[in-house]
Amino acid sequence: MQIGIFSVGDVTTDPTTGHTPTEHERLTAMMTIAQHAEDVGMDVFATGEHHNEPFVPSSPTTMLGYLAGRTSRIILSTSTTLITTNDPVRIAEEYAMLQHLSGGRMDLMLGRGNTAPVYPWFGQDGRNALPLTVENYQLLRRLWDEHTVTWEGRFRTPLQSFTSTPRPLDGVAPFVWHGSIRTPQVAELAAYYGDGFFANHIFWPKEHFARLIGLYRERYEHYGHGSADQAIVGLGGQVFVRKNSQDAVREFRPYFDNAPVYGHGPSLEDFTDLTPLTVGSPQEVIDKTLTFRETFGDYQRQLFLVDHAGLPLKTVLEQLDLLGSEVVPVLRRELDAARPAHVPGGPTHAARVAARDAALAVGPGADAAAATGGADEPNAYDTPGLADDDLVPASQR
């Protein structure tokens, strides 16, 4: 089990002091948080990608490349890399470069993002979001998997005998997660390629995401990658932890009540009942997080949001200290002990290189044939399973 943190990189006024950090202060704080996450024993640090205020992480590879030189163990990832508005050629090259610089300690999560104006900012039409997602990812996979690519599609200029450089480290492409909060076509895409699927279930009830993950598992097995319970699943969550629950609730309430996303909405108590948010003691965080397995099955990666809503750096580092000393070791022990032997652990570069070598020893092409079962590539408009709106509560459609 890989346990870590992710950051959305918001610049938010601290409601208890009135202080608003500068962009430089926020970026510097994020780097401190990531390095401290490694110090306390976390497995993963992930950053989002945003191109609008009040968020600052517009260049994830720059941030993660910086961290690669200042850490030695932690996996560096993204919690969103925009597959719709980034050129697949640039994604292929930039993340392969990061793979080399980090010694394989990286992966990335592809997503469409949640900001509609980003599409015209980068010369795209948001009405094409799903076909852009599918076409761009199909090209990205070819750029990593094939040395020379000749390609023509709908949304970018053709490629003629193009080689993306640098080539993936050890000939194994970075591991890809596909993140979604509502779209079954994304689950289908992840399943077809045998990639990971990440459900950042921090805002909606667990039942919503259980259906989406269930679809992904079913289609993962359909495409011949393994049994449904062997599919690679990641979950989001958010916590605020203190030694006792009363202090946690008292301290976090003003941040919750004024948060840009969910502030001035449901009460803190209602939100913790309905979503994965845990505000309380280390044991309460452990107890609630362990229930995720009951809903979603065995999974490989758990990421917590801990640094949003204007929380000062000192407070975030204190959260990490408590998580690292009292929460993460227990969660890792309990979840790993419960996981059946045939269900894989969290993806690493070393494990994937070993799996590639084992597949080649069996016979060239065997792994690729098993991966797709001879099925056609996924279509952006015709996905088996659920309709898009089937996964959205009626009140939010």
Side-chain angles (χ1 to χ4, degrees), residues 49 51 59-61 78 80-99 107-168 171-180 182-198 216 219-220 222-223 225 365 368-369 371-385 388:
E49 178 188 345
H51 300 276
S59 180
T61 52
T78 58
T80 307
T81 295
L82 298 177
I83 186 62
T84 46
T85 52
N86 282 304
D87 184 355
V89 173
R90 294 302 299 148
I91 295 177
E93 294 188 333
E94 290 179 359
Y95 285 93
M97 177 71 77
L98 177 61
Q99 190 187 34
D107 50 38
L108 69 160
M109 185 191 307
L110 299 178
R112 293 185 292 155
N114 59 3
T115 307
V118 75
Y119 289 91
W121 293 344
F122 290 89
Q124 298 292 351
D125 186 336
R127 292 171 294 185
N128 296 325
L130 279 174
L132 268 169
T133 296
V134 174
E135 180 177 298
N136 284 355
Y137 187 58
Q138 289 170 345
L139 175 56
L140 176 61
R141 281 253 61 100
R142 289 192 59 190
L143 291 167
W144 277 336
D145 295 343
E146 303 173 25
H147 184 271
T148 305
V149 174
T150 296
W151 175 91
E152 184 172 353
R154 174 181 170 190
F155 297 110
R156 77 174 315 281
T157 54
L159 297 174
Q160 296 294 330
S161 301
F162 177 77
T163 298
S164 172
T165 59
R167 303 303 301 148
V172 174
F175 186 79
V176 172
W177 300 86
H178 298 259
S180 179
R182 61 166 286 177
T183 307
Q185 288 88 345
V186 173
E188 179 81 7
L189 193 66
Y192 176 83
Y193 284 99
D195 297 332
F197 183 77
F198 191 91
Y216 161 67
R219 301 301 290 173
Y220 183 96
H222 167 80
Y223 287 121
H225 300 293
T372 63
D376 292 335
E377 289 188 291
N379 184 292
Y381 301 102
D382 182 19
T383 302
D388 200 26

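As a basis for the values below, the full set of heavy atoms in this structure was taken, side chains included, without hydrogen atoms, waters or symmetry mates.
- Side-chain contact check for Tyr216 versus Val186: every heavy-atom pair is 4.5 Å or farther apart.
- Under a 3.5 Å cut-off, the side chain of His225 and the backbone N or O of Tyr192 do form a donor-acceptor pair.
- Residue Gln99 holds its CD atom at 13.0 Å from CZ of Phe175, rounded to the nearest 0.5 Å.
- Pairs passing the salt bridge (Lys or Arg N to Asp or Glu O under 4.0 Å) check and including a residue from residues 80-90, sequence neighbours excluded, read Asp87-Arg156, Arg90-Glu93, Arg90-Glu94.
- Phe198 CZ to Trp177 CH2: the interatomic distance, rounded to the nearest 0.5 Å, is 7.5 Å.
- One finds the OG1 atom of Thr61 at 7.0 Å from the CG atom of Leu98 (value rounded to the nearest 0.5 Å).
- With sequence neighbours excluded, the residues satisfying side chain to side chain contact (heavy atoms under 4.5 Å, CB included) with Thr163 are His147, Thr148, Thr165, Arg167.
- Arg142 is linked by a salt bridge (Lys or Arg N to Asp or Glu O under 4.0 Å) to Glu146, counting only residues two or more places apart in sequence or in another chain.
- In this structure, Glu49 contributes its side chain and Gly111 its backbone to no donor-acceptor pair below 3.5 Å.
- A donor atom on one side chain and an acceptor atom on the other are found under 3.5 Å apart for Glu188 and Tyr223.
- In terms of heavy atoms, Ala92 sits closest to Ser164 at CB-OG, 3.6 Å.
- For the residue pair Met109 and Gly179, the shortest heavy atom distance occurs at CG-N, 3.8 Å.
- Leu82 CG to Leu110 CG: the interatomic distance, rounded to the nearest 0.5 Å, is 9.5 Å.
- A donor-acceptor pair is defined here as one N or O able to donate and one able to accept, closer than 3.5 Å; no such pair exists between the side chain of Gln185 and the backbone of Leu130.
- Checked by atom type and distance alone, the side chain of Ser180 pairs as donor or acceptor with a backbone atom of Thr183 at under 3.5 Å.
- Side chain of Glu135 to backbone of Phe155: a donor-acceptor contact under 3.5 angstrom is found.
- The side chain to side chain contact (heavy atoms under 4.5 Å, CB included) check on Asp145 picks up Arg141, Ala173, with sequence neighbours excluded.
- Interatomic distance, CG of Leu108 versus CG of Leu140, reported as 7.5 Å (0.5 Å rounding).
- Partners of Asp195 according to the side-chain hydrogen bond (donor to acceptor under 3.5 Å, both in side chains) rule, which considers only residues two or more places apart in sequence or in another chain, are Tyr137, His178.
- Within the 4.5 Å cutoff, the side chain of Leu159 has heavy atoms near those of the Leu139 side chain.
- Contacts of Thr133 classified as side chain to side chain contact (heavy atoms under 4.5 Å, CB included), with partners at least two apart in sequence or in another chain: Ile83, Thr84, Arg112, Leu189.
- Residue Leu143 comes nearest to Val89 through the heavy atom pair CD1-CA, 3.8 Å, listed as atom of the first residue, atom of the second, then distance.
- Using a 4.5 Å heavy-atom cutoff, the side chains of Tyr95 and Pro60 are in contact.
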Practice task
Test side-chain contact (heavy atoms from CB on, under 4.5 Å) on His51 and Thr85 and set out the steps.
Solution key: CA-CA 11 Å; His51 300 276; Thr85 52; 5.6 Å; no
